[in-house]
Colleague: 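Please find one structure pasted underneath; my questions will follow.
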Amino acid sequence: MSEQQPTPASGEVAAPYGSGSAPASATIKRIRTHHLAEMKARGEKVTMLTAYDMYTAEIFDEAGIEMLLVGDSASNNVLGNETSLPITVDELLPLTRAVAKTAKRAMVVGDLPFGSYQASPEQAYLTAVRFMKEGGAHCVKLEGGAEMAPVISKLVQGGVPVIAHIGFTPQSEHTLGGYRIQGRGAGAEKLLADAHAVQEAGAFAVVMEMVPADVAEQVSKELDILTIGIGAGAGCDGQVLVWTDAFGIRTGRMPKFVKQYADVRSVLLEGAKAYAADVKGGTFPDAEHSF
Ligand code: KIV
């Protein structure tokens, strides 16, 4: 922490950037929507990662990640499902609560599961309130563009900060015909219209997934609100990745937009093998680890 940074009050943490390289946001003790708007205004990029439990929340918070998304991707990263569709509100709430209890600085984003908000603005409001009251989320994210404008307005009017999610929206995988890039060619017009509609409805940020970089950059320039890209190029105001992709837990074919920053899977695998070998070989527990 640089000398200029105030000592955090008890229970709060400041981001851990080294002196000299600390961005202006490093001294913020709790990331709030106005801080994100200020970051966009001064051109400071925003970081978001998914987190589904207390330890990842603790680590990513300590790393200075500004936003932790308790994504419905927990469905296929924690609960063993193939896609994000099956996860329920009751399954996602305890994970949200664990992250919210642990993160001292990051904004915690509750992700509304498929079927929990599309029926009506009233249904969406009741679900969002559960994420904030029971889950401790500071805001919610929901998928959809212009068609979700009435839902977004209802939530915002009721005191729920909203992040919209446009472009490729995984909950609509079957409507969109699979994992496909959105916003190409004539689709760019729809993407821009969706982005403006969610801003108009009151969203404070918008995630853009699997969108051509030039279109995402245009959206980011046109909108006043924060844009967060995943497979949407470098022109967005911030970036999000699913942590199990970014740090090498998940196996199999990765989307082109994923960069692997660590190989946590190998570390765990080697650790588990060493433990098994010690137990089977009778070298654990030894005297040092026994009473
Ligand atoms: O649930 C999730 O992980 C997401 C990201 C892909 C943005 O919505």
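Remember, it's 1-based here, ligands and their atoms both numbered in the order they're listed. Scope of the values below: all heavy atoms of this structure, side chains included, with no hydrogens, waters or symmetry mates.
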Colleague: Just checking, any donor-acceptor pair under 3.5 angstrom between side chains of Glu58 and Thr102?
Modeller: no
Colleague: Would you say the side chains of Thr83 and Asn76 form a donor-acceptor pair under 3.5 Å?
Modeller: no
Colleague: Out of all atoms in ligand 1, which are within 4.0 Å of some heavy atom of Asp111? Include the element for each.
Modeller: 1 (O), 8 (O)
Colleague: Heavy-atom contacts with Ile230 under 4.0 Å: which atoms of ligand 1 show up? List them by number with element.
Modeller: 6 (C)
Colleague: Name the residue from Val99, Leu68, Thr50 that meets the side chain to side chain contact (heavy atoms under 4.5 Å, CB included) definition with Phe60.
Modeller: Leu68
Colleague: For ligand 1, which atoms have a heavy atom of Gly71 less than 4.0 angstrom away?
Modeller: 1 (O), 2 (C)
Colleague: Can you find an N/O atom of Lys141 closer than 3.5 Å to an N/O atom of ligand 1?
Modeller: yes
Colleague: Based purely on interatomic distance, does Tyr52 place a nitrogen or oxygen under 3.5 Å from a nitrogen or oxygen of ligand 1?
Modeller: no
Colleague: Could you tell me whether Asp111 and Lys141 have a side-chain N and a carboxylate O separated by less than 4.0 Å?
Modeller: yes
Colleague: For a salt bridge (charged side-chain N to carboxylate O under 4.0 Å, His left out) with Asp237, tell me which candidate from Lys221, Lys45, Lys40 qualifies.
Modeller: Lys40
Colleague: Give the intermediate values and the outcome of side chain to side chain contact (heavy atoms under 4.5 Å, CB included) for residues Met254 and Arg250.
Modeller: CA-CA 9 Å; Met254 284 299 147; Arg250 185 159 79 89; 3.6 Å; yes
Colleague: Which residue and non-hydrogen atom of the protein lie closest to atom 2 (C) of ligand 1, and at what distance in Å?
Modeller: Ser73 OG, 3.2 Å
Colleague: Taking 4.0 angstrom as the limit, do Asp90 and Arg130 come out as a salt bridge?
Modeller: yes
Colleague: Checking the N or O distance criterion of under 3.5 Å, is ligand 1 in contact with Asp72?
Modeller: yes
Colleague: So if I count the atoms of ligand 1 from 1 in the order they appear, which ones are less than 4.0 Å from some heavy atom of Glu209?
Modeller: 6 (C)
Colleague: For ligand 1, which atoms, with element, lie under 4.0 Å from some heavy atom of Thr50?
Modeller: 3 (O)
Colleague: Is Met48 near ligand 1, meaning one of its heavy atoms is under 4.0 Å from it?
Modeller: no
Colleague: For ligand 1, is any non-hydrogen atom under 4.0 Å from Val242's backbone (N, CA, C, O), its side chain (CB onward), both, or neither?
Modeller: side chain
Colleague: State whether a side-chain donor-acceptor pair under 3.5 Å links Asn77 with Thr244.
Modeller: yes
Colleague: Starting from atom 7 (C) of ligand 1, locate the nearest protein heavy atom and write down its residue, its atom name and how far away it is, to 0.1 Å.
Modeller: Leu69 CD2, 3.7 Å
